[in-house]
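Here is the structure we will look at.
Atoms within a ligand are numbered from 1 in the order they appear, just like the ligands themselves. We use all heavy atoms of the structure for the numbers below, so side chains are in, but hydrogens, waters and symmetry mates are not.
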Amino acid sequence: MSQLRESIHGQWSSRWIFVLAATGSAVGLGNIWKFPYITGENGGGAFVLIYLLCIAVIGIPIMMAEIMLGRRGRRSPINTMRHLAAEEGRSPLWQYLGWAGVLAGVLILSYYSVIAGWSLAYVARAVSGVFEGATADAVGLVFSDLVSDPERLLAWHTIFMVMTMVVVARGVKGGLEKAVSYLMPALFVLLIILVGYAMSTDHFVDGLSFLFTPDFSKLTTDGVLIAMGHAFFTLSLGMGAIMVYGSYLPEHTSIAKTTFMVAGADTLVALLAGMAIFPIVFANGLEPASGPGLVFQTLPIAFGQMPGGTFFASLFFVLLVFAAWSSAISLIEPLVAWLVENKNMTRIMASVWAGMGTWLLGIGTVLSFNVLSGKEYQLFDKTFFDLLDYLTANIMLPLGGLLIAVFAVWQMRKQSSMDELEMSNTTGYQLWRFLLQYITPIAVVLVFLRAIGVI
Ligand code: PFF
């Protein structure tokens with residue numbers, strides 16, 4: 001069967017642009033908003049250790065597999081899976097893996113956009129100087145005022161969704177990558193400044209030891225599932241986002257090297273965010289397990305106390321918005337690419353339709369923090385937002401990743417993967433194969449079984 005040498009959607013102009021785009025997808029709210037609060041809720045060190053382990057033995061090999069499948073298929077994930085299954089003489093049912101990914105992307109983006117909206121709102125708050133010298137209580141109040149107002153949340157969610165769709169409509173390979181190439185390093189520098197500030201509090205060591213001293217008595221089975229799910233979420237794996245980016249990757253670029261760069265940068269950003277946030281939590285007597293508001297209730301305290309705080313706070317939330325923006329476009333790209341390929345839509349129409357559907361679903365999350373936050377509206381003790389987050393990050397992504405692994409090493413011929421990875425039968429290749437053949441599937445299945453109480 002003939003191979004497309006290039007995707008109909010075009011390709012990245014260089015490997016470096018791909019690394020930036022994939023890092024842009026990986027580094028986002030997951031690192032700065034989600035990682036700290038789920039670490040706080042799950043007791044710290046032991047949770048972090050499991051998360052790091054999952055990145056190393058599950059995340060990295062799956063990221064390589066996703067990029068490889070994308071580049072070989074050169075189409076949207078749905079059509080890539082269909083094409084590759086045919087090429088390898090496998091069941092056409094594999095295309096449903098692409099569909100599951102599209103669904104996961106839409107579900108995630110629906111709430112991701114609402115949280116990105118909080119970040120936008122915080123840009124406005126920071127610029128107006130409300131955090132200057134603010135106490136922990138005052139900062140907490142700014143947050144609760146925001147999330148208790150559904151109209152405001154809806155407005156910010158709408159603005160963020162429109163921003164996302166504008167970039168997607170113009171093509172992912174357009175302007176944003178250039179912006180990201182400056183803004184990501186800037187975010188990194190700002191996080192280092194924040195860690196510097198955290199060092200000046202007398203609780204830096206408490207923060208570090210919370211993050212890095214494992215105490216397994218604090219880790220529940222659900223915590224293990226959440227840590228694994230987060231490894232997928234933070235690396236944008238298991239739903240085709242990295243696959244679709246891989247489909248725009250030029251030939252002859254080392255998939256292994258690029259994967260290490262992306263995963264390394266992503267992990268570093270998350271750890272820095274944790275190191276900035278927890279000392280502030282302890283220095284101000286806040287609760288590490290206070291939930292999704294954690295970053296919004298801690299970092300502004302630090303900004304409020306440092307010289308030039310208003311400027312740094314504004315800059316930080318602007319950068320957070322950019323980080324979220326470059327992740328959001330990758331969540332919807334698999335659907336948009338499919339609409340263009342199969343429904344003959346222009347990118348603009350495809351973005352409008354995909355964006356409207358996702359926006360509508362996001363209203364459920366908007367209401368989860370106010371009108372529908374009460375116990376009577378919860379299922380299994382979870383709001384609509386909690387359920388969506390749990391279902392996607394902890395179930396859909398690991399399941400998607402597991403199937404990607406199965407396809408890459410059990411369904412594809414060995415020669416095909418060696419060709420596409422441009423690796424010969426070296427130790428590196430064999431290790432990759434071994435991890436995906438045995439370790440990934442067994443680990444994912446064991447964690448699932450344990451989470452549902454079977455073992
Ligand atoms: N990796 C992004 C983050 O950490 O914020 C979120 C994300 C993007 C998840 C794309 C999944 C995805 F496909």
Of Y197, F316, F311, the residue whose pairing with F303 passes ring-ring contact (aromatic ring centres under 6.0 Å, His included): F316
Hey, could you give me the CD1/CG distance between I55 and D266, rounded to the nearest 0.5 Å? 6.0 Å
What protein heavy atom is closest to atom 4 (O) of ligand 1, reported as residue, atom name and distance in Å? A26 O, 2.9 Å
Between D145 and R152, does at least one N-O distance fall below 4.0 Å, as a salt bridge requires? no
Considering heavy atoms of the protein only, find what lies nearest to atom 2 (C) of ligand 1 and give residue, atom and distance to 0.1 Å. S25 O, 3.3 Å
Working to the nearest 0.5 Å, report the span between OG of S76 and NE2 of H9. 6.0 Å
Return the closest protein heavy atom for atom 9 (C) of ligand 1 as residue, atom name and distance. F233 O, 3.2 Å
Could you tell me which atoms of ligand 1, counted from 1 in the order shown, lie closer than 4.0 angstrom to a heavy atom of L29? 5 (O)
Could you tell me the residue and atom name of the protein heavy atom closest to atom 13 (F) of ligand 1, and the distance to it rounded to 0.1 Å? M239 SD, 2.8 Å
Any atom of ligand 1 sitting under 4.0 Å from a heavy atom of F35? no
Verify the distance criterion only: is there a donor paired with an acceptor across the side chains of S148 and N370 at less than 3.5 Å? no
In terms of relative ring orientation, are W118 and F296 parallel, tilted or perpendicular, with 30° and 60° separating the classes? perpendicular
What is the closest protein heavy atom to atom 8 (C) of ligand 1, and at what distance does it sit? S236 OG, 3.3 Å
Distance col, row M81:CE vs L97:CG, nearest 0.5 angstrom, shows 5.0 Å
Sub-3.5 Å N/O-N/O distance, G30 and ligand 1: yes
Would you please determine whether S330 falls within less than 4.0 Å of ligand 1 on a heavy-atom basis? yes
Mark up the atoms of ligand 1 that fall under 4.0 Å of a heavy atom belonging to Y112, in ascending order. 2 (C), 3 (C), 5 (O), 6 (C)
